[in-house]
Enquirer: 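What follows is a structure written as structure tokens; I'll ask about it next.
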2 protein chains.
Amino acid sequence: MTEAPRPLRRTEIRQQNETLILQAAEKVFAEAGFGGATMQLIADMAGLPKANLHYYFATKEDLYRRVVQDIFEIWLQAAESMDQAPGPVEGIGAYIEAKMEISRRHPDGSKVWAYEVMHGAPVIQDYLETTLREWTAGRVRLIEGWIAAGKMAPVDPEHLLYMLWAATQHYADFGHQIATLNGGPLTDADWQRATDSVKTMILRGIGAL
Amino acid sequence: MTEAPRPLRRTEIRQQNETLILQAAEKVFAEAGFGGATMQLIADMAGLPKANLHYYFATKEDLYRRVVQDIFEIWLQAAESMDQAPGPVEGIGAYIEAKMEISRRHPDGSKVWAYEVMHGAPVIQDYLETTLREWTAGRVRLIEGWIAAGKMAPVDPEHLLYMLWAATQHYADFGHQIATLNGGPLTDADWQRATDSVKTMILRGIGAL
DNA sequence: AATTTTCTTGACCGGTTGGTCAGCCTGTGA
DNA sequence: TCACAGGCTGACCAACCGGTCAAGAAAATT
């Protein structure tokens, strides 16, 4: 017997179904890519008829764009952990922890982002050229300040950022490969060890330890 | 006026067309993923009729599998640079250089590999479980030997390997993002600086410098 | 020169895709 | 209570997909 569904308000309905669809879409896009994903598959995963998806999201591209944008927001929030830190040990350490946590909690989102960038960023090119470029420039200045203050070795700030992104996102994007080599999904202890390893190697690599 | 095509031998024809198709396929699979790629697109890029593709490769999956396998071979060859090195500075240094060179020369291949692993490795799962696992186990022992000999800090060998893969392949898989932030494709000097940055940070990060 | 084998290709096919739409259902405000 | 706007969906469609095939062209073999 199914539980009696309490009547929902209009705004609730919209909110609920949009997030339901977005969650399903994130998963399907991560598993199959944009071209491999089908609206029918997303609909089935969301438990809704396909036509209902098109009521909330006009086209497949619109839906995909929303998924990518949502991920970008989460991704940018982690950046705040880097600011207002006295030095690289705290700032970069916190950033690594935040990014590793995202790789763990939102592996599908990370994959969709990777997929989008890998294929030339047809949807979020403007974000790369504006928001991401500005954010990067700001962190480069921050790192240069730390270097000038003698708090870390004179590494190239851009390539340090690339390494931070690469090392942390790798645990989401290549999670399947890691799990295979690990003999199964990473446990809590595995994730802790991974985070510690990345932090130790990078912080020592930039001469901050 | 077109140049008179010298008559080709059978083996030449087969060889020539197969590599022509494989090159086109690598590019298209990298740009669109397996699901987004179409045989028609690959055929157009190779300058052949679609039916001709199916003469050399029975199915789209067969063609895709060949592309992934070819990349895996190149990828494994770079591993040899790590062996027969007296210590981590030479071994890991050479490995980073080899992997960076692959990221530069075969960015499409790297993307197809990333795409394959990201989507659960449906085609090359057996390679991960056999060849890659054995290779990894061998390098873990190599690194453990270097640690025991006091040639580097006691880092977790697996996570060091993940960082090597992540940092180097990032320049291929996320090349578009890097080029955007860089204001254009990386020049020779940019690639040299990138390689040096990765080498310096990682080698210092594992206490080998 | 004749014959066999390999290679090439336009035309075609069943199945699937993203997207549409008319009509129905259901909260909401008067 | 009633009218209306927002939410829902089965049925449908043109376009496109991977793959097939028969018939012809070209090379190898006899």
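Chain identifiers are assigned alphabetically (A, B, ...) following the order of the sequence lines, protein sequences preceding nucleic acid strands; residue numbering begins at 1 within each chain. Computation of the quantities below employed the complete heavy-atom set of this structure, encompassing side-chain atoms and omitting hydrogens, waters and symmetry-equivalent molecules.
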Enquirer: Round to the nearest Å and state the distance from B:H54 atom NE2 to C:dA11 atom C1'.
Expert: 15 Å

Enquirer: What's the CG-P distance between A:D62 and C:dG18, to the nearest Å?
Expert: 14 Å

Enquirer: Kindly point out which of D:dT9, C:dT17, D:dG19 is positioned nearest to the side chain of A:T38?
Expert: C:dT17

Enquirer: Examine D:dG7: is either OP1 or OP2 under 4.0 Å from a nitrogen or oxygen in the side chain of A:R14? Give yes or no.
Expert: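 So the side chain of A:R14 is within the cut-off, an N or O lying under 4.0 Å from OP1 or OP2 of D:dG7.
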
Enquirer: Students often get this wrong, so: under 4.0 angstrom with heavy atoms, is A:A43 touching a base, only sugar-phosphate, or nothing?
Expert: nothing

Enquirer: Closest approach to the side chain of B:Y55, judged atom by atom: which nucleotide of D:dT20, C:dG19, C:dC7 is it?
Expert: C:dC7

Enquirer: Under 3.5 Å, is there an N or O donor on one side and an acceptor on the other linking the side chain of A:K60 and the base of C:dG19?
Expert: no

Enquirer: Look at all strands and tell whether A:Y56 reaches a base, only sugar-phosphate, or nothing, counting heavy atoms closer than 4.0 Å.
Expert: sugar-phosphate

Enquirer: Salt-bridge test for B:D188 and B:R193: reply yes if a basic N is under 4.0 Å from a carboxylate O, no otherwise.
Expert: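 B:R193 and B:D188: not salt-bridged.
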
Enquirer: Report the distance from atom CD of A:Q16 to atom C1' of D:dC8, rounded to the nearest whole Å.
Expert: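 The distance from CD of A:Q16 to C1' of D:dC8 comes to 14 Å, rounded to the nearest Å.
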
Enquirer: Quick check on DNA chain C: between A:Q40 and B:T11, whose nearest nucleotide comes earlier from the 5' end?
Expert: B:T11

Enquirer: Which nucleotide, D:dC21, C:dG19, D:dT9, lies nearest any side-chain atom of B:A51?
Expert: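 Taking heavy atoms from C-beta onward, the closest nucleotide is D:dC21.
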
Enquirer: Provide, to the nearest angstrom, the distance between the CG atom belonging to B:D44 and the C1' atom belonging to D:dC16.
Expert: 14 Å

Enquirer: What I want to find out is whether A:K50 reaches A:D44 closely enough, with some N-O distance under 4.0 Å, to be called a salt bridge.
Expert: no

Enquirer: Which of these nucleotides, C:dG10, C:dG18, D:dC8, is closest to any side-chain atom of A:N17?
Expert: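 Of C:dG10, C:dG18, D:dC8, D:dC8 is nearest to the side chain of A:N17.
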
Enquirer: Answer yes when B:D196 and B:K199 have at least one side-chain N-carboxylate O distance shorter than 4.0 Å, and no when they do not.
Expert: no

Enquirer: Just compare D:dT9, D:dG7, C:dT8 and give me whichever is closest to any side-chain atom of A:I13.
Expert: D:dG7

Enquirer: Output the rounded distance in Å from NZ (A:K50) to C1' (C:dC21).
Expert: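 Taking NZ of A:K50 and C1' of C:dC21, I get 13 Å after rounding.
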
Enquirer: Assess whether a salt bridge exists between A:E101 and A:R105, defined as any Lys/Arg side-chain N lying under 4.0 Å from an Asp/Glu carboxylate O.
Expert: yes

Enquirer: Starting from P on C:dC7, measure out to CG on B:N52 and report it in whole angstrom.
Expert: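 It works out to 10 Å between those atoms.
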
Enquirer: Salt bridge check, A:E18 against A:R14: does any charged N sit closer than 4.0 Å to a carboxylate O?
Expert: yes

